[in-house]
Amino acid sequence: MGASVTISDLPIRKRLHNQKPYTAPQLTAPVRLNVNESPFPPSQKLIDDISSSVRSALDSLHRYPDREAFALRSELAHYVTAQSGVDVGLENILAANGSLESLQQIMQVFGGPDRSALSFAPSYAMYKIIATTAETEWLDGGRRTDLTLDIDHAVAVISAVRPDIIFLTNPHNPSGQTLATADLERILEAAPAVVVVDEAYSEFSLSPSAINLIDRFPAKLIITRTMSKALAFAGGRLGYVVAAPAVIAAMRLVRLPYHLSTVTQAAALAALRHADDTLSQVSELIRERTRVAVILRDMGFEVIDSDANFFLFGRFADTARSWQHYLDHGVLIRDLGIPHYLRVTVGQVAENNRFLEVSEKLSALATGGTDRGCFHDRTRASSVPIAHTQ
Ligand SMILES: *Cc1c(COP(=O)(O)O)cnc(C)c1O
């Protein structure tokens with residue numbers, strides 16, 4: 001029905017012409033290590049708690065949910081206080097359906113026509129999509145060839161283009177690298193307006209959270225976080241902002257009333273009650289991250305050190321073919337279009353072992369002569385540029 005028109009027949013906004021939607025392939029491979037989810041399904045205890053919490057909440061399903069999500073924001077504030085050591089209150093928190101909704105709300109408040117957003121690519125693909133759909137000019141400051149951020153360069157770019165929003169991810173996606181606090185402070189000092197620090201992977205890193213800096217930069221610093229990764233709640237859709245109360249007040253101007261359903265609030269509260277158990281899996285993932293990286297390096301791969309639950313590895317002469325090789329052997333990883341590198345999420349031990357087996361096959365192929373150079377590219381020095389975005 002209605003198939004006679006295509007998107008180009010529609011009177012859509014000019015900025016949306018030829019845009020591509022976010023597409024990480026959702027394929028049903030036996031081993032899925034592509035979108036940085038937790039590999040641990042919820043425990044029976046957690047499933048039972050979520051079920052009974054949601055069941056009790058259903059009594060009032062004919063009513064709108066708590067519009068301000070008081071109980072949930074208060075529990076998130078406790079969680080963040082325990083995580084960061086900083087005294088965070090519910091007036092510092094705004095919850096949303098995933099941190100992507102938070103990012104979109106930030107863009108609605110601080111971006112828009114005549115405004116610009118700056119990031120340092122390669123970075124998380126959604127920043128650009130959210131900026132573009134909000135009619136915000138997109139600027140890319142680039143990274144060094146080893147994917148680290150050149151702070152002197154970043155500060156110079158910020159002073160030159162004076163962006164309305166700066167996006168940083170810490171630890172960074174896709175490299176997994178952490179930005180030092182001193183470097184973040186330099187960016188905050190140089191920034192003319194808002195700096196968003198996306199801490200989606202904060203629980204995997206030993207470095208301090210930027211929450212420590214809110215008191216020094218209350219009008220500039222906005223932190224986004226999520227229950228999708230370390231808290232293993234990706235399907236529940238719960239993210240949040242941590243910022244000064246004035247920033248939260250500004251974001252309430254754009255958030256839709258009742259956006260967090262009664263079911264979402266009840267389920268997220270139950271998941272937070274089990275946060276300690278869930279976080280104990282994080283230590284296991286960190287151990288696995290180290291183990292897998294060491295074995296990959298022994299096989300001759302290059303691995304970029306990561307503080308998150310994933311890492312980039314290479315070098316591949318042909319990332320698309322190598323990605324397909326993994327998939328053909330039942331392992332779904334991620335090709336982000338970064339030359340020579342693929343990204344893999346750390347999974348459970350058996351999944352990681354399968355990933356390593358397939359990696360070993362690839363390594364043998366590259367040295368075995370049949371397909372030399374097509375996969376594992378040993379002929380290139382590690383100083384070869386992998387990104388030319390500056
Ligand atoms: C996974 C991820 C998110 C999470 O988004 P949710 O909407 O909270 O699931 C946000 N930012 C980055 C950089 C991510 O990698």
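Start at 1 and go down the list; that is how both ligands and their atoms are numbered.
- The one candidate from Ser102, Ser84, Ser202, Ser99 that meets the side-chain hydrogen bond (donor to acceptor under 3.5 Å, both in side chains) condition with Arg225 is Ser202.
- Between His17 and Ile12, the closest side-chain pair of non-hydrogen atoms falls below 4.5 Å.
- For Phe120 and Phe167, the distance between ring centers is not under 6.0 angstrom.
- For ligand 1, the protein residues placed under 4.0 Å by at least one non-hydrogen atom are Gly98, Ser99, Leu100, Tyr124, Tyr127, Thr169, Asn173, Asp198, Ala200, Tyr201, Thr226, Ser228, Lys229, Arg237.
- We find that Glu288 and Arg291 are joined by a salt bridge, their nearest charged nitrogen and carboxylate oxygen being less than 4.0 Å apart.
- A salt bridge links Glu357 with Arg354; the closest basic N to acidic carboxylate O contact falls under 4.0 Å.
- Taking the six-membered ring where the residue is Trp, Tyr326 and Phe313 present perpendicular rings, their angle passing 60° and hence far from 30°.
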